[in-house]
**Q** 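To start, I am sharing the structure in question, which I have written as structure tokens.
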Amino acid sequence: MVSNPVWLINDSYHWKYITSFNSRSVAGANYNPKKDEIYYFNRDSIHTYNVRTEERKVVAFEEQCPVPLKLGTNFIDEKNGQLYTYEVFIESNDTTPTVASLDLSSFKWNLKSRQELPIQLHHHGSFSNTESGDYTIFGGFGNMFYNKNFYTYSIENQKWQTMEGLTGDFLSPRYFQSVGYLEETNSAYIFGGMGNESGEQIVGRKYYYDFYKLDINSREITKLWSIPWENENMVPVRGMVILNDSSFYTLCYPEHYTESYLRLYQFSMKDGSYQILGDSIPIYSDRITTNANLYYDSNHEKLFVLVQEFEDDIASELKVYSLTFPPIKQENLTDYKSTLNSGLYPFIILLAVMAIVLIAYFIVMRKSAKSKTQFKDHPTGRNSHKTTASVTPKPNAIYLFGDFAVHDRSNKDITYMFSAKLKEMFCLILRYSNTGGITSRNLSNELWPDKTSDKVKNLRGVTINNLRKALDELDGIELIYDKGCFKIVCTDEFYCDYTRCLELISAKEPGENALELLELVSRGKFLLLADDPIYDSFKQEVENKLEPSLLLEMENAYNSEAYQLTIGFSEVIFKIDPLNEIALTFQIKALQKLKMYDEAKLRYNTYTLEYKKVMGSSYKNVQKLMA
């Protein structure tokens with residue numbers, strides 16, 4: 001009998017958030033299926049995450065990466081256990097390193113090349129030749145041109161060479177294309193992108209929905225198909241997954257939206273027919289350096305997605321998601337649940353209830369045997385190596401911690417209904433609702449400071465109506481105009497993590513709601529992706545209220561011997577203040593109490609590395625803290 005069939009099929013439709021990383025300097029990312037490891041590296045250190053064991057490590061390099069990272073592009077040489085980072089164009093003299101390899105056992109860098117290509121190539125596609133080990137890139141944009149050349153880097157010769165002697169169909173210059181490789185045909189495949197026939201940006205650009213095959217042996221390019229596209233324009237991510245010669249998978253998204261979303265497409269290699277699989281993944285597409293990539297791991301039978309979002313083309317955050325293979329369509333999920341509801345579902349519910357009762361019984365017995373605090377084994381503590389918690393969304397809910405998210409009365413994600421301006425208006429009104437609301441004039445001055453009064457009145461009216469329509473999808477929340485002010489009024493049917501957070505931190509007794517508070521703030525930094533100046537004072541206000549409460553809860557957890565909870569609180573404090581010494585002190589002490597001495601050293605080294613980057617000098621309290 002299959003256990004938990006609903007959960008299993010859900011894992012083939014709903015992308016699962018796994019973990020995230022942050023870097024204040026330019027970083028690169030990759031997945032190594034041979035070692036089950038995700039890599040996220042900058043010039044000073046590398047973060048690794050094992051998808052099988054969930055072990056997370058950070059290693060500071062003895063010597064800095066010799067390549068000055070601009071885009072962080074890289075590839076993995078699985079055969080020799082090396083990670084190569086490269087910059088095709090640095091715009092400097094011939095002595096600047098452009099290619100280096102990192103030994104994934106010793107974590108030592110080796111300089112490989114100083115050769116540059118003619119121009120920068122943003123959003124080029126790439127593939128590795130399994131037979132030769134060579135690495136080839138195609139497409140990309142730079143210096144007002146779209147690229148049409150294939151460039152191959154030889155691991156043996158440590159040189160870039162233009163692929164010559166290409167014949168067959170014309171493949172127009174482009175960027176944002178998806179490229180894959182199929183070993184059994186020794187061929188590369190190219191899908192979609194944007195560009196034009198001339199390659200000159202000044203001519204304009206168009207979206208492509210075509211598919212080409214490059215036979216590596218004969219150097220012949222064959223156009224397999226081009227399909228009409230009547231939906232919203234979109235581009236694919238740089239990598240595609242090809243398991244056989246019948247179809248390929250890639251992620252596509254409308255890159256012209258700042259707050260966009262990735263969807264998984266399966267295209268027929270024969271005629272271009274396609275289906276959309278799984279739900280969506282959010283991506284903040286404001287910067288040209290932002291990118292995403294798709295990987296398939298046959299050992300785990302899972303797809304992995306790495307989404308790297310840049311704040312300013314320098315600092316970035318990497319988010320990791322997984323989906324059980326093979327993925328399914330939404331109709332498959334709905335049909336399966338309908339089948340369960342016809343007779344099998346009640347039986348499964350009964351089994352689930354029995355299982356919950358048994359689990360609860362064993363938990364109670366275990367707790368009484370330990371006679372320790374209720375906090376010690378909470379999943380948001382040290383046993384979880386994740387930097388953000390996976391919080392199950394509620395219906396009728398709006399989340400402001402981490403990624404902005406809205407779920408309607410059916411628990412459907414309707415975040416897409418909230419444009420950037422609707423989010424701004426909602427947050428402004430919510431912020432002032434506890435103090436009577438915000439006046440029309442103040443609301444208009446905040447949202448449209450440069451518009452005339454006539455235009456502002458029209459814009460405000462349209463935006464208010466659109467916000468009300470969006471909020472109508474939820475129960476328990478209403479936007480009203482009362483006594484000259486706009487404000488949000490809510491009932492118990494509605495949930496907002498921001499308002500709940502204010503309730504929790506105003507509790508009189510520390511520890512009373514510690515677990516709920518930690519789970520709430522572990523979702524991510526308050527208004528994480530909202531970088532418009534209009535949010536700055538709101539974010540600062542919340543952090544000023546939150547940080548003292550978190551520090552108090554952390555100290556209380558430590559004094560109660562709830563060391564894993566202590567570590568959980570220290571992690572969320574670091575999101576507000578990465579150099580908070582009190583959080584570091586309690587984190588190290590808690591790890592030492594748990595006899596996790598290696599982990600304590602690792603956390604300390606990570607802190608000192610960040611401290612030196614920000615402050616420009618070494619951290620001095622090593623003797624006191626690590627004694």
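What you see is a predicted model; the values in this text were computed from it and never measured.
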**Q** So which pairs with a foot in residues 237-249 pass side-chain hydrogen bond (donor to acceptor under 3.5 Å, both in side chains), sequence neighbours left out?
**A**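 Non-adjacent pairs meeting side-chain hydrogen bond (donor to acceptor under 3.5 Å, both in side chains): Asn244-Ser246, Ser247-Gln266, Tyr249-Gln266.
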**Q** Excluding sequence neighbours, so at least two apart, what forms side-chain hydrogen bond (donor to acceptor under 3.5 Å, both in side chains) with Asn466?
**A**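 Checked Asn466 against side-chain hydrogen bond (donor to acceptor under 3.5 Å, both in side chains); zero matches.
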**Q** Compile the donor-acceptor pairs under 3.5 Å between side chains in residues 222-230 and protein atoms, sequence neighbours left out, one pair per line.
**A**
residue: Trp225; atom: NE1; partner: Ser268; partner atom: O; Å: 3.2
residue: Trp225; atom: NE1; partner: Met269; partner atom: O; Å: 3.2
residue: Trp229; atom: NE1; partner: Glu232; partner atom: O; Å: 3.1

**Q** With Tyr296, which residues qualify under ring-ring contact (aromatic ring centres under 6.0 Å, His included), at least two apart?
**A**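 ring-ring contact (aromatic ring centres under 6.0 Å, His included) list for Tyr296, sorted by chain: Phe325.
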**Q** Mark yes or no for whether Asp497, through its side chain, and Phe401, through its backbone, hold a donor-acceptor pair below 3.5 Å.
**A**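 Yes, because the side chain of Asp497 sits within donor-acceptor range (under 3.5 Å) of the backbone of Phe401.
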**Q** Just by distance, no angles: are the side chains of Arg205 and Tyr146 close enough, under 3.5 Å, to form a donor-acceptor pair?
**A**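 Absent: no donor and acceptor within the cut-off.
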**Q** To the nearest 0.5 Å, what is the distance between CG on Asn149 and CD on Glu164?
**A**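 So the gap between those two atoms works out to 8.0 Å.
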**Q** Please name all residues satisfying side-chain hydrogen bond (donor to acceptor under 3.5 Å, both in side chains) with Ser126, sequence neighbours left out, ordered by chain then number.
**A**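 Only Tyr135 meet the side-chain hydrogen bond (donor to acceptor under 3.5 Å, both in side chains) criterion with Ser126.
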**Q** Taking atom types as modelled, is there a side-chain donor on Ser419 or Tyr416 under 3.5 Å from an acceptor on the other?
**A**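 The answer is no; no qualifying pair exists.
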**Q** Does atom NZ (Lys539) have a neighbourhood of more than 12 heavy atoms from anything else shown, all under 6.0 Å?
**A**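 It does: Lys539 NZ has more than 12 such atoms within range.
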**Q** Which residues pass the salt bridge (Lys or Arg N to Asp or Glu O under 4.0 Å) test with Lys421, not counting sequence neighbours?
**A**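 Only Glu424 meet the salt bridge (Lys or Arg N to Asp or Glu O under 4.0 Å) criterion with Lys421.
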**Q** Could you check whether Ser444 and Arg460, counting side-chain N and O atoms only, form a donor-acceptor pair closer than 3.5 Å?
**A**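 Yes, because at least one side-chain N or O of Arg460 sits under 3.5 Å from a partner of the opposite role on Ser444.
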**Q** Will you find, in the side chains of Tyr39 and Asn74, an N or O donor that is under 3.5 Å from an N or O acceptor?
**A**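 Result is no, nothing qualifies.
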**Q** Going by side-chain hydrogen bond (donor to acceptor under 3.5 Å, both in side chains), name the residues that satisfy it together with Tyr274, two or more places apart in sequence or in a different chain.
**A**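 Expected list: Asn231.
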**Q** Determine whether Met425 and Ile464 make a side-chain contact, defined as any pair of heavy atoms from C-beta on separated by less than 4.5 Å.
**A**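 Heavy-atom side-chain distance check passes, below 4.5 Å.
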**Q** Run the ring-centre check on Tyr153 versus Tyr86 and record whether the distance is less than 6.0 Å.
**A**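 No, the ring of Tyr153 stays outside the 6.0 Å limit from the ring of Tyr86, centre to centre.
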**Q** Quick one: list whatever passes salt bridge (Lys or Arg N to Asp or Glu O under 4.0 Å) with Glu197, sequence neighbours left out.
**A**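 Partners of Glu197 by the salt bridge (Lys or Arg N to Asp or Glu O under 4.0 Å) criterion, ordered by chain and then number, come out as Lys206.
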**Q** Does anything in residues 297-316 form a ring pair (Phe, Tyr, Trp, His ring centres under 6.0 Å)? List the pairs, not counting sequence neighbours.
**A**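 Non-adjacent pairs meeting ring pair (Phe, Tyr, Trp, His ring centres under 6.0 Å): Tyr31-Phe304.
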**Q** Taking only residues two or more places apart in sequence or in another chain, which ones pass salt bridge (Lys or Arg N to Asp or Glu O under 4.0 Å) with Arg24?
**A**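 Once residues adjacent in sequence are excluded, the partners of Arg24 under the salt bridge (Lys or Arg N to Asp or Glu O under 4.0 Å) criterion are Glu610.
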**Q** For a ring-ring contact (aromatic ring centres under 6.0 Å, His included) with Phe267, tell me which candidate from Tyr189, Phe191, Tyr209 qualifies.
**A**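 Of the listed residues Tyr189, Phe191, Tyr209, the ring-ring contact (aromatic ring centres under 6.0 Å, His included) partner of Phe267 is Phe191.
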**Q** With Tyr40, which residues qualify under side-chain hydrogen bond (donor to acceptor under 3.5 Å, both in side chains), at least two apart?
**A**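 For Tyr40 the side-chain hydrogen bond (donor to acceptor under 3.5 Å, both in side chains) partners, ignoring immediate neighbours, are Ser316.
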**Q** Between Arg174 and Tyr208, is NZ or CZ placed under 6.0 angstrom from the six-membered ring centre and within 45° of the ring axis?
**A**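 Output yes; distance and angle both within limits.
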**Q** Applying salt bridge (charged side-chain N to carboxylate O under 4.0 Å, His left out) as the test, list every pair that has at least one member in residues 295-308; sequence neighbours left out.
**A**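 Residue pairs passing salt bridge (charged side-chain N to carboxylate O under 4.0 Å, His left out), neighbours aside: none found.
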**Q** For residues Phe141 and His122, establish whether the separation of their ring centroids is below 6.0 Å.
**A**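 No, the ring of Phe141 stays outside the 6.0 Å limit from the ring of His122, centre to centre.
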